[in-house]
Amino acid sequence: MWESIKGFFRRHRRKFLVTGVVIGGVYLLGRYARWRLAEWQRQREMEYVEQARKQHHFESNLRTCTVTLFSLVPSLRDALMEKLNCETITSKLREKPANKLELWEQLKILSFTRTLSSIYSSCMLFVFLRVQLNIVGGYLYLDSLIPTAENSNGRQVHIGEGLQKRYLALVRYLLGDGLDFLLEKIRRSVEDILGEVSLKEKFSHTEVTKLVGHIRQSIEFSNHSIPIKRTSPDAPNGTVKNGHHRMPLQKYMLPSDIESLCDSTSEGEDDNFRNLVGETLDILDSEDCHTVLNMCLDAGFSHVMSSMIPFFQVEELELGAVGGMEREPSLDLPLAKVIPIVNGQINHILCDSDNSYFQELFKVGCAREFAANVYEAFSLEID
């Protein structure tokens, strides 16, 4: 019996060998597959946790942008009211001076200049802070991946505290020299377009909107600083003629001369600072940044013009009007009465609390996407 069993195994030993190899291979393959699946699941969990951590850091960075923006609003408002002091002129007008007409002409230019400057400077500050703080946020995220200085394997911190403070201080240019250059540009455009317009000439809300749009074209586009002509209802309303080129606005946010910003005695620190400023200038000069700034300006101008509608509405309800329904602006006001309306908009645009103007800027969807793209670009580790 044992001989027959031995003979059976000898005759079929190749089959048993192949079967054993196959079974062993299947078993090992199964073990490997289970290991790979567990490894893939662990990797996915780590990626999910890291993505959630990164998203939380980005959201926190956006809140920092908002807090920083509102902390700088009073400084911006005070700077504008100091540089474009309309209150001094209005005080003189109350005294009924002999040069009353001259003062009114000055107030006409200053009031429009101040309101337009408020819109432009606030939108620039809004965009600039999103660029600047998301660059810093991206680098800080990378630095947070380094456990400790001892275990960093020689890796250097991307942005140290000193460099960070020096870089963030660049916003002072926008609130200082950049603002001065911007005010001069806006003032020239306002003078070109409003200089010959009579204080007695009447404007509807629609015509004031077109007037402001015309001044905006003169500011943002070259070869477009001609006096306004109201000879037809198709007056300039924001469209751009062929041949006009959009003027870059980033020069008011940051000077292109990087060397003028470098004053450190440390050559290594200056090199890092130059890189940061260069990267910032590249982003500010990008098409995406131009688009976001333009969208913010559109939202800002639209909100300010809408807030002026009640001043052009008849106070009494017309017969047959339904209470609570919004009425179309129907009054035509002389420019002398439009000036105080325009002049007071700075207190609405740059108010400290319940600022509905900035809420409109926060609703600009591409601004959040732009901030996310900047953050993502600077939070990726490059080998």
Side-chain angles (χ1 to χ4, degrees), residues 76-77 79-90 99 101-125 127-128 173-199 201 203 207-230 235-241 243-257 284 290 293-294 296-298 300-301 304-305 335-336 338-343 345-346 349-350:
L76 177 59
R77 182 183 63 242
L80 287 172
M81 296 188 75
E82 179 183 353
K83 298 173 187 295
L84 302 169
N85 194 338
C86 298
E87 285 66 34
T88 299
I89 298 178
T90 54
N99 60 339
L101 181 58
E102 179 185 350
L103 291 175
W104 267 106
E105 289 293 332
Q106 293 177 16
L107 185 61
K108 175 180 70 174
I109 302 301
L110 283 182
S111 61
F112 276 86
T113 300
R114 189 164 77 171
T115 294
L116 268 68
S117 300
S118 300
I119 299 174
Y120 275 101
S121 57
S122 59
C123 288
M124 289 180 187
L125 183 62
V127 172
F128 182 72
Y173 177 82
L174 175 55
L175 300 175
D177 292 343
L179 184 62
D180 290 336
F181 297 142
L182 176 64
L183 297 187
E184 181 61 27
K185 171 64 177 177
I186 294 175
R187 183 167 186 160
R188 287 200 305 267
S189 297
V190 172
E191 288 176 343
D192 288 345
I193 295 173
L194 277 184
E196 301 300 325
V197 179
S198 171
L199 293 168
E201 189 168 353
F203 287 84
E207 290 170 333
V208 172
T209 302
K210 291 180 178 179
L211 174 63
V212 171
H214 194 70
I215 298 174
R216 182 182 172 187
Q217 285 187 6
S218 176
I219 296 168
E220 296 181 31
F221 296 89
S222 62
N223 304 322
H224 201 278
S225 58
I226 57 175
I228 187 171
K229 296 180 180 179
R230 301 170 62 228
N237 58 359
T239 56
V240 182
K241 296 181 180 180
H244 296 152
H245 304 287
R246 183 177 292 277
M247 301 294 289
L249 297 175
Q250 75 272 11
K251 62 183 179 181
Y252 303 114
M253 294 185 269
L254 201 62
S256 57
D257 183 12
L284 292 177
H290 294 170
L293 180 56
N294 191 55
C296 289
L297 288 171
D298 289 343
F301 275 101
V304 171
M305 298 313 301
L335 184 58
V338 175
I339 290 173
I341 300 172
V342 174
N343 188 41
Q345 291 303 308
I346 187 173
I349 297 170
L350 300 176

- side chain to side chain donor-acceptor pair (under 3.5 Å): pairs with one or both residues in residues 173-183, sequence neighbours excluded: K83-D180
- Taking all atoms of both residues into account, what is the closest heavy-atom pair of Q345 and V304, and its distance? OE1-CG1, 3.8 Å
- Nearest atoms (heavy-atom pairs only) where T113 meets L183: CG2-O, 4.1 Å
- Item | Pairwise distance CG(L125) to CG(L76) - rounded to 0.5 angstrom | 6.5 Å
- Carefully, step by step, assess L174 and S121 under the rule side-chain contact (heavy atoms from CB on, under 4.5 Å). CA-CA 8 Å; L174 175 55; S121 57; 5.5 Å; no
- K108 bridged to E105 by N-O distance under 4.0 Å: yes
- Between CG of N85 and CD of Q106, what distance do you get to the nearest 0.5 Å? 11.5 Å
- Taking every heavy atom of L211 against every heavy atom of L194, the minimum-distance pair comes out as CD2-CD2, 3.6 Å
- Item | Gap between atom CD1 of I186 and atom CD1 of I219 - 0.5 Å precision | 4.5 Å
- Item | E87, CD atom: more than 12 neighbouring heavy atoms under 6.0 Å | yes
- Rounded to the nearest 0.5 Å, what separation is found between the CG atom of L110 and the CD atom of E191? 9.0 Å
- Note on the structure: Residues passing the ring-ring contact (aromatic ring centres under 6.0 Å, His included) test with Y120, sequence neighbours excluded, are F301
- Item | Sequence-distant partners of R77, side-chain hydrogen bond (donor to acceptor under 3.5 Å, both in side chains), two or more places apart | D352
- Task: Locate the shortest heavy-atom distance separating N294 from R216; write the atom from each residue and the value.
- Result: OD1-NH2, 3.0 Å
- Task: Write down the atom of V342, the atom of S111, and the distance for their closest heavy-atom approach.
- Result: CG1-O, 3.7 Å
